[in-house]
Amino acid sequence: MEEYAFFPGCIAKNVYPGIEKATRIVFEKLGIGLRDYEYSCCPPPGVLACYDKPSWLVMGARNLSQSEKDGLNPMTVCSGCYGTLHNVWYALKNDPDLMGFVNDHLGRIDAEYKGKVHPIHFVDILKNYKEKIAELKEIDLGLNVAVHYGCHYLKPSSVTGENSERPTLLDELVGLAGCKAVPFKDGLTCCGAGGGVMSGEPDVSLKIINTKLNNMKDANVDAIVNICSFCHMQFDQSQKKLKTTEIPVLHLNQLFGLAFGIRPKHLALHTHLVSTRDLEKKLKDLKKGGE
Amino acid sequence: MGKSVKEILIDGNGYACIQCGRCTGSCPSGRECSLRTRKLIHMARMGMDVIKTEELWDCTTCFTCQERCPKEVKTTDMIIELRNLAVEEGYFPTMSDVPKIIIKSLYDTGAGQPLSPEVSKIRAIIGLKKEAYDVSTNAETLKKFQRLLDGLEITKKGGLR
Amino acid sequence: MKRIGVFICHCGVNISNTVDVKKVVEEISKIPSVVACADYQYMCSDPGQDMIKKAIKENQLDSVVVAACSPRMHEPTFRATVSDAGMNPYCFEMSNIREQCSWVHLDGEKATKKAIDLVKSSVARASLLEPLVSQGVPVVPKALVIGGGIAGIQTSLDIANSGYKVYLVEKEPSIGGHMARFDKTFPTLDCAACILTPKMVDVARHPNIELLTYSEVESIDGSVGNFHVRVKKNPRYVDMEKCTGCGSCAEACRLAGRIASEFDMGLGKRGAIYVPFPQAVPLRYTIDPEKCLFLKHGKCGTSPKCADVCTTDAIKFDDKPEFVEFDVGAIVVATGFKEFSAELKPEYCYDKYPNVMTGLELERIFAPSGPTGGKPKINGKEPKRIVFISCVGSRDKKVGNAYCSRVCCMYIAKQAHLLKEKIPDADITVMYTDMRAFGKGYEEFYERVQKEGIKYRRGNAAEVYGQDGKLFVRAEDTLLGEPYELEADLVVLGTGLTPNPLAEGIGKLLHLSLSSDGFFLEAHPKLRPVDTVIDGVFLAGVAQGPKDIPDTVAQASGAASHVVNLLSKDEIFAEPTIAVVDEDACVGCKTCMLLCPFEAHEFDEEKGVMKVNAALCKGCGSCAAACPSGSIRMNHFTNDQIIAQLLEVL
């Protein structure tokens with residue numbers, strides 16, 4: 001069985017547990033194993049990397065080292081975690097001196113990172129399971145959605161190898177759940193949360209997300225689909241603060257959970273700040289129509 | 001000790017900058033505030049006090065500028081390095097307590113975003129363990145983690161020692 | 001023991017500021033074989049050279065060492081000097097104590113010591129140098145010019161006008177190149193066709209020019225003075241002798257107006273039988289074998305219409321490629337460029353919106369013979385808000401083009417002017433990185449277009465996006481330090497010039513090197529800009545690097561003068577510093593043959609050994625270094641000479 005080390009990240013564990021739950025369900029249904037480890041916070045690329053980069057590297061490397069003995073690559077459901085772990089991995093891979101520095105610190109707690117496992121973003125696993133996802137789909141969700149690729153999954157492309165100007169993966173993936181990715185203005189811009197701006201400069205952060213939310217609203221979407229717990233939190237929490245839009249926010253794994261017929265409550269949709277009630281009603285009608 | 005402004009410029013390819021402004025024009029944050037990425041690079045090259053500017057902290061590190069730069073200047077990487085230098089030199093123009101709170105939480109629980117009793121309840125309702133399995137599950141592991149942090153600068157910067 | 005003279009140059013203060021020249025003289029004078037040693041302010045000056053000549057005669061010198069700058073600069077000078085004094089020029093040795101010593105060191109004492117070591121090693125080599133004699137090779141008084149754009153046209157005319165035969169090979173059905181696509185030329189606004197077509201006609205009529213269009217160079221053998229060339233003439237499926245260029249076939253073609261015209265950058269349409277543009281030279285029709293129904297499917301309605309209407313019976317569906325072979329003494333490479341592929345900058349959405357176009361496309365929109373009859377219309381409407389974006393694909397390492405394309409600033413200014421002239425109420429903005437108006441009359445033109453109302457905003461465009469059928473451009477006005485957006489009906493990308501990928505094959509045939517920008521490398525960036533390192537092969541136009549029309553024409557004439565200079569000689573003398581095979585030791589393993597970048601090694605079947613073609617060998621030494629039996633000797637760089645030189649510095 002294909003297996004990964006599951007790196008849920010703080011938000012999916014401690015703020016939006018529906019994301020952790022949805023991930024476990026979706027991956028179980030797909031027959032992909034997830035193993036838990038004694039992970040810490042990634043730590044965040046914004047706050048930590050900007051305050052003390054060496055500490056960020058060491059903590060990131062500690063996380064990476066956890067599953068090395070089992071040879072399992074850590075999988076993230078948050079592009080912030082992915083950004084950290086992937087950038088740490090990339091930096092260490094290309095710099096033996098830095099690797100030495102990191103391991104000097106890890107040695108203090110009898111840990112070591114050899115660079116043998118590398119982080120992987122969950123969508124890069126799902127993209128190999130398109131047929132299986134289509135098979136598992138019980139409900140054609142029929143939603144018009146705004147897909148949010150976010151930043152650190154795509155960029156910097158010199159590190160990620162992704163097409164940062166014209167990505168298509170999420171458009172394809174939501175299509176598997178019977179959803180249509182509706183184009184909207186500035187579809188690829190940042191949610192405004194990263195880099196410590198959400199906490200340090202909340203006004204700026206809210207202005208960025210406000211513009212983005214209004215662009216999504218102009219495109220008449222039923223929901224926002226994201227692949228990052230941190231963006232997810234920004235989309236959900238900021239709408240509560242701004243009160244200019246009310247677009248339900250779904251992590252891609254929650255969307256697949258719904259398509260696989262999982263009850264919204266089991267995906268903790270009721271705990272989102274932006275109500276998903278209209279969305280759930282729509283799905284219920286769909287289910288009835290299907291029966 | 002971190003890098004000097006000059007080292008940051010050299011490592012980030014900053015001397016290749018032609019001030020074309022494609023970075024600022026691409027910046028989602030600059031549209032909403034006074035961040036001008038191009039100007040930060042210019043200030044750094046002119047030996048001005050770039051680390052004292054508040055705009056340095058408006059960048060969301062989305063990497064669009066770095067992606068679009070025709071001269072392969074690592075703008076975002078440089079901003080992160082400049083912030084490190086600013087912290088080292090004691091310039092926190094927008095410094096709220098948030099980073100310190102996050103660092104403290106990280107030290108105490110291993111999580112930047114700690115678990116609240118409400119969410120713990122939700123976890124149980126939706127069929128997850130009340131607390132996720134992580135660095136704090138095993139007291140011994142958490143102690144080791146804290147030992148790791150004790151030897152790093154971040155605890156000093158977070159006001160923990 | 002050989003009698004050696006050593007002469008140390010101060011190079012003004014370039015050397016003497018760091019190196020203690022007197023001390024070098026003092027040390028070198030102690031070497032027993034050095035019978036004359038002196039220093040001088042400028043060794044390359046007339047008095048300096050006279051000093052060497054005098055010393056050769058007075059001291060009966062066998063060898064001379066000059067310690068000065070790089071041999072790239074003055075080795076030819078001093079070889080001529082010693083030759084004048086009756087010494088064999090290959091008994092001269094140069095020691096570089098400027099680039100390799102005084103310019104790169106700060107510590108005078110250490111630099112002086114290094115200079116002494118360098119000169120000592122040169123003396124060691126000089127004592128083993130042997131006289132060498134160049135061999136003369138007769139020159140074929142004809143030239144090959146590859147590429148029929150303005151560079152190739154000018155070169156061909158200049159050579160032909162000097163009385164030498166020229167073969168001009170062009171891969172397209174017509175000569176004219178990119179310039180034929182332009183409407184007006186900056187900064188004088190001359191009509192491109194008006195100044196180009198007379199030259200094209202001159203080429204066609206010139207008794208000394210043999211024009212081979214729709215043709216490709218297949219192979220080139222031989223070397224300077226004696227190249228053997230084989231050219232493939234692609235089948236046009238039209239008899240060049242019978243076709244009168246009347247055009248009734250093109251009108252009759254079933255596919256008329258249905259195939260994207262390459263000449264019009266895909267904006268205009270042509271048929272399967274076509275001429276690229278009305279002033280084509282030769283004005284003879286060509287059938288596109290990829291598109292023609294009859295050639296592809298063996299059937300075109302009941303009968304091919306072109307053949308039906310042709311009154312001279314010129315259609316020749318059974319046409320075959322022809323091969324022509326000839327000898328030339330010199331070759332000019334004038335293969336031009338390719339416009340930068342704008343889809344490589346996805347943020348500008350060139351592939352997404354038809355009203356984002358490239359500079360070359362806009363040229364065709366302006367051209368009276370172009371797809372819109374010279375009227376600037378986009379989707380049938382006159383654009384009113386127009387944004388130009390500079391440096392698209394230039395000064396851009398991300399797409400691998402670090403260089404400035406040198407023409408875009410000015411063609412943008414010209415195009416902005418032409419748009420303003422045709423649409424007086426148009427609002428035109430140029431987003432630029434830096435303004436480069438360096439040519440004659442360019443700065444004045446830049447000023448003129450601003451007076452005409454063109455807005456120049458410093459700061460290049462970050463992205464183009466479409467929304468609700470509208471087009472927007474985002475940028476920072478870097479002078480204001482403010483990001484802004486402009487709505488545009490038309491966005492023109494100032495696409496740069498990139499190396500012509502079709503020239504790659506030519507480069508390989510001729511063993512030409514490329515500079516880091518991908519264009520052909522000249523022999524010296526300043527003093528030999530039209531030569532290549534391959535004797536007898538010259539460069540003209542953008543093939544060597546981006547340039548505008550005046551610079552292209554100047555370089556083309558320069559290349560022609562070098563060709564004429566070469567062809568005017570009865571014979572030429574090749575450098576004798578080549579590889580020589582010791583036939584007794586050679587086992588015929590052919591390792592050298594595989595390694596030689598110049599194909600100078602041949603296998604002698606009869607003797608079972610290798611031999612070196614003296615005219616092809618460039619003396620690079622790859623073969624000698626690799627020869628397993630050690631049977632290849634490099635003239636002027638023998639093992640003994642090199643080892644003696646090394647021992648002195650080790």
- Message: Can you tell me if Lys93(A) has over 12 outside heavy atoms packed within less than 6.0 Å of its NZ?
- Response: yes
- Query: With side chains defined as the heavy atoms from C-beta onward, is the minimum distance between Ile154(B) and Met59(A) less than 4.5 Å?
  - Reply: yes
- Among Ser105(B), Ser116(B), Gly127(B), Pro28(B), residue most engaged with chain A (heavy-atom pairs, under 4.5 Å): Pro28(B)
- Glu67(B) portion near chain A, given a 4.5 angstrom heavy-atom threshold: side chain
- Message: So, taking the atom named CD in Glu201(A) and the one named CG in Leu35(B), what distance separates them when rounded to the nearest 0.5 Å?
- Response: 10.0 Å
- Select one option (side chain, backbone, both, neither) describing which atoms of Leu106(A) are under 4.5 Å from chain B's heavy atoms. both
- Residue from Gln66(B), Lys74(B), Glu32(B), Lys144(B) scoring the most non-hydrogen pairs under 4.5 Å with chain A is Glu32(B)
- Query: Is it the backbone or the side chain of Cys59(B) that comes under 4.5 Å from a heavy atom of chain A, or both, or neither?
  - Reply: backbone
- Query: Under a 4.5 Å heavy-atom cut-off, does chain B meet the side chain of Arg263(A), its backbone, both or neither?
  - Reply: neither
- Item | Lys155(A) vs Thr76(B) side-chain heavy atoms within contact, under 4.5 Å | no
- Over 12 foreign heavy atoms within 6.0 Å of NZ, Lys104(B): no
- Segment of Ser157(A) engaging chain B (4.5 angstrom heavy-atom cut-off): both
- In terms of heavy-atom proximity below 4.5 Å to chain A, should Leu106(B) be classed as side chain, backbone, both, or neither? side chain
- Query: From Ile102(B) CD1 over to Tyr51(A) OH, what is the distance, rounded to the nearest 0.5 angstrom?
  - Reply: 8.5 Å
- Heaviest contributor of heavy-atom pairs below 4.5 Å to chain B, chosen from Gly195(A), Cys50(A), Cys190(A), Gly194(A), is Cys50(A)
- Query: Is there a side-chain contact between Val58(A) and Leu148(B) (heavy atoms, below 4.5 Å)?
  - Reply: yes
- Note on the structure: Of His105(A), Gln66(A), His266(A), the largest count of non-hydrogen pairs under 4.5 angstrom with chain B goes to His105(A)
- Which pair of non-hydrogen atoms, one from Leu152(B) and one from Ser55(A), has the smallest distance, and what is that distance? CB-OG, 3.5 Å
- Query: Does a side-chain heavy-atom distance below 4.5 Å link Ser40(A) with Phe145(B)?
  - Reply: yes
- Beyond-backbone contact of Lys21(A) with Arg123(B), side-chain heavy atoms, under 4.5 angstrom: no
- Task: Apply the test side-chain contact (heavy atoms from CB on, under 4.5 Å) to residues Lys265(A) and Ile126(B): give CA-CA distance (whole Å), side-chain angles for both, the deciding distance (0.1 Å), then the verdict.
- Result: CA-CA 7 Å; Lys265(A) 203 167 179 183; Ile126(B) 62 174; 5.8 Å; no
- Note on the structure: Of the listed Val15(A), Thr189(A), Ile11(A), the one with the largest count of heavy-atom pairs under 4.5 Å with chain B is Val15(A)
- Message: Counting only heavy atoms from other residues, nucleotides and ligands, does the tally under 6.0 Å from CD of Glu112(A) exceed 12?
- Response: yes
- In Å, rounded to the nearest 0.5 Å, how long is the span from OG1 of Thr64(B) to CG of Leu188(A)? 8.5 Å
- Going through the checks in order, is the side-chain contact (heavy atoms from CB on, under 4.5 Å) test met by Val135(B) and Arg62(A)? CA-CA 11 Å; Val135(B) 67; Arg62(A) 181 200 163 273; 3.4 Å; yes
- Any chance you could measure Cys33(B), atom SG, to Ile208(A), atom CD1, to the nearest 0.5 Å? 6.5 Å
- Task: Could you check if a side-chain atom of Val119(B) sits within less than 4.5 angstrom of a side-chain atom of Lys13(A), using non-hydrogen atoms only?
- Result: no
- Pair count under 4.5 Å, heavy atoms only, with chain B: among Tyr39(A), Phe6(A), Trp56(A), highest is Tyr39(A)
- Query: Does atom CD of Glu28(A) have more than 12 heavy-atom neighbours, drawn from other residues, nucleotides or ligands, at distances under 6.0 Å?
  - Reply: no
- Message: Looking at Arg68(B) and Glu165(A), is any side-chain nitrogen of the basic one under 4.0 Å from a carboxylate oxygen of the acidic one?
- Response: yes
- Item | Region of Asp186(A) in contact with chain B, defined by heavy-atom distances below 4.5 Å | side chain
- Considering non-hydrogen atoms only, spot the tightest contact between Ser29(B) and Val204(A) and give its length. OG-CG1, 3.5 Å
- Message: Run the side-chain hydrogen bond (donor to acceptor under 3.5 Å, both in side chains) test on Glu38(A) and Thr137(B) for me, step by step, so that the C-alpha distance in whole Å, both residues' side-chain angles and the decisive distance to 0.1 Å come before the verdict.
- Response: CA-CA 7 Å; Glu38(A) 294 178 319; Thr137(B) 309; over 6 Å; no
- Task: Could you tell me which portion of Arg108(A) (side chain, backbone, both or neither) has an atom closer than 4.5 angstrom to a non-hydrogen atom of chain B?
- Result: both
- Task: Start with the C-alpha gap between Gln113(B) and Met233(A), add the side-chain angles, then the distance that decides, and say whether side-chain contact (heavy atoms from CB on, under 4.5 Å) holds.
- Result: CA-CA 12 Å; Gln113(B) 288 274 348; Met233(A) 181 164 83; 3.8 Å; yes
- Between Asp77(B), Asp134(B), Val87(B), the one whose heavy-atom pairs under 4.5 Å with chain A are most numerous: Asp134(B)
- Distance from Thr160(A) atom OG1 to Phe63(B) atom CZ, nearest 0.5 Å? 10.0 Å
- Item | Residue among Cys151(A), Gly18(A), Cys10(A), Pro156(A) with most heavy-atom pairs under 4.5 Å to chain B | Pro156(A)
- Message: Need one label for Leu82(B): side chain, backbone, both or neither, based on atoms under 4.5 Å from any heavy atom in chain A.
- Response: neither
- Can you tell me if Arg147(B) uses its side chain to pair, donor with acceptor, with the backbone of Ile109(A) under 3.5 Å? no
- Engaged part of Glu81(B) at the chain A interface, taking heavy atoms whose separation is under 4.5 Å: side chain
- Residue pair Lys156(B) / Asp52(A), side-chain heavy-atom distance below 4.5 Å: no
- Message: Tell me the closest heavy-atom pair linking Asn84(B) and Lys53(A), and the distance in Å.
- Response: OD1-N, 2.7 Å
